[in-house]
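These notes are about the structure you will find just below.
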Protein chains: 2
Amino acid sequence: MPTYGAALEALADPTRRAVFERVAERPRPVGELAAGMPVSRPAVSQHLRALKDAGLVRDRAVGTRRIYEVDPDGIAAVRAYLDRFWTDTLQSFAAAAEADQEERP
Amino acid sequence: MPTYGAALEALADPTRRAVFERVAERPRPVGELAAGMPVSRPAVSQHLRALKDAGLVRDRAVGTRRIYEVDPDGIAAVRAYLDRFWTDTLQSFAAAAEADQEERP
DNA sequence: GGCCTCCGTAAGGCGTAACTTACCGTTTGT
DNA sequence: ACAAACGGTAAGTTACGCCTTACGGAGGCC
């Protein structure tokens, strides 16, 4: 059960974000993802693990390769959580502002 | 001009996220924010700086204290950016899935 | 079976983010 | 004007995240 915190941590790192965006373009095996990146293949592999733990990507085995692709369900969950997070935040702020204005007219 | 990357990095740290959530509850001075947190006041102050640089909070001086509050505009910007990020991601995935299905019926 | 490809993991180095204490400027109140 | 409250900043330590190299296991191909 990935928390939204894990997703935020996963997307915080620029390199990992680049990996995720490459996965988002289209499903690809690890070697192909690593090719053309400034870091080594194991580094990419570790980033993919973090993204997977966060529920942002998923993988399936095809022969000797592992195809990584976006996890729509996980993304939808994170998106919903964040969206509610922003909504609640703004709502609290609006309520506090109104209360403050009422307090001293 | 805060990038969305800065916002993600800012919200990645659990302690900083806690600070932000406390600010989101209602506008408060630094001392009150720091009270009841497991870290020192300067630490909170540094987190507030990061949140401010990311455009998530703003502050105003009231006497000798500084009231921190959520920055609605900044949050709206980050929210819009992330929302489009998810949308694009899912759309790319859907397109790739469809292309794949068409490729081998 | 032997070999090669693909990829995950372990171990260690290294930079940096996060925290602490100490200090200083600003503002308020008496 | 002096003292106290409030909070930002500097300096230093420590912990953690990211990267590398080295290795091993699983699967395909001859």
Side-chain angles (χ1 to χ4, degrees), chain A residues 2-23 25-71 104, chain B residues 2-23 25-71 104:
Chain A
T3 72
Y4 79 113
L8 288 174
E9 289 176 26
L11 293 176
D13 182 69
T15 304
R16 193 156 47 227
R17 219 156 43 222
V19 172
F20 177 72
E21 288 170 0
R22 281 177 71 86
V23 173
E25 289 175 11
R26 59 189 162 83
R28 273 193 277 219
V30 178
E32 192 177 330
L33 286 170
M37 291 218 53
V39 295
S40 70
R41 182 191 52 75
V44 172
S45 195
Q46 289 166 6
H47 285 308
L48 286 170
R49 191 200 213 311
L51 292 170
K52 183 180 175 184
D53 288 346
L56 294 172
V57 304
R58 64 188 182 195
D59 63 327
R60 55 194 157 93
V62 173
T64 167
R65 10 194 146 189
R66 314 214 104 230
I67 310 294
Y68 278 83
E69 63 188 11
V70 155
D71 183 345
R104 33 170 210 199
Chain B
T3 71
Y4 77 114
L8 289 174
E9 288 176 29
L11 293 176
D13 183 69
T15 304
R16 193 155 47 227
R17 216 152 50 219
V19 172
F20 178 72
E21 288 171 0
R22 282 176 71 86
V23 173
E25 289 176 11
R26 57 189 163 83
R28 272 192 278 220
V30 178
E32 191 177 330
L33 285 169
M37 290 219 52
V39 296
S40 69
R41 183 191 53 72
V44 172
S45 195
Q46 291 165 6
H47 284 308
L48 286 169
R49 191 199 216 308
L51 291 169
K52 183 180 175 183
D53 288 346
L56 294 172
V57 304
R58 63 188 183 195
D59 63 326
R60 55 195 158 91
V62 174
T64 168
R65 15 194 144 189
R66 313 214 104 229
I67 310 295
Y68 277 83
E69 63 188 12
V70 155
D71 183 344
R104 33 168 209 199

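Lettering follows sequence order; numbering is per chain, from 1.
Closest non-hydrogen pair, Pro27(A) versus Ile67(A), comes out as CB-CG2, 3.8 Å. Shown here for Ala18(A) and Met37(A), the closest heavy-atom pair between the two residues is CB-CE, 4.0 Å. The two residues Leu48(A) and Val57(A) have their closest heavy-atom pair at O-CG2, 4.0 Å.
Atoms CZ (Arg60(A)) and P (dG27(D)) sit 17 Å apart, rounded to a whole Å. Atoms CD (Gln46(A)) and P (dT20(D)) sit 9 Å apart, rounded to a whole Å. Taking atom CG of Asp53(A) as the reference point, atom P of dC18(D) lies 13 Å away to the nearest angstrom.
Residues passing the ring-ring contact (aromatic ring centres under 6.0 Å, His included) test with Phe20(A), sequence neighbours excluded: Phe85(B). Under the rule for a side-chain hydrogen bond (donor to acceptor under 3.5 Å, both in side chains), Arg17(A) has no partner lying at least two apart in sequence or in another chain. The side-chain contact (heavy atoms from CB on, under 4.5 Å) test applied to Arg16(B) returns Ala10(B), Asp13(B), His47(B), Ala50(B), Leu51(B), not counting sequence neighbours.
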I'd like a list of close polar pairs between nucleotides 4-8 of chain D and the protein, N/O only, cut-off under 3.5 Å.
residue	atom	partner	partner atom	Å
dC6(D)	O4'	Thr64(B)	OG1	3.4
dG7(D)	OP1	Val30(B)	N	3.1
dG7(D)	OP2	Gly31(B)	N	2.8
dG7(D)	N7	Arg41(B)	NH2	3.2
dG8(D)	OP1	Tyr68(B)	OH	3.1
dG8(D)	OP2	Ser45(B)	OG	2.5
dG8(D)	N7	Arg41(B)	NH1	3.1
dG8(D)	O6	Arg41(B)	NH2	3.0

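Counting heavy-atom neighbours within 6.0 Å of Arg58(B) CZ, excluding the residue itself, gives a total above 12.
Of the residues in residues 33-40 of chain A, not one places a heavy atom less than 4.0 Å from an atom of DNA chain C.
Looking only at side-chain heavy atoms (C-beta outward), Leu11(B) and Leu56(B) come within less than 4.5 Å of each other. Between Val30(B) and Asp59(B), every side-chain heavy-atom pair lies at or beyond the 4.5 Å cut-off.
Judged by distance alone, with hydrogens and angles left aside, the side-chain atoms of Arg22(B) form a donor-acceptor pair with the main-chain N or O of Leu33(B) at under 3.5 Å.
Contact footprint of chain A on DNA chain C: nucleotides with an atom under 4.0 Å from a non-hydrogen protein atom, first to last in 5' to 3' order, dT5(C) to dA10(C).
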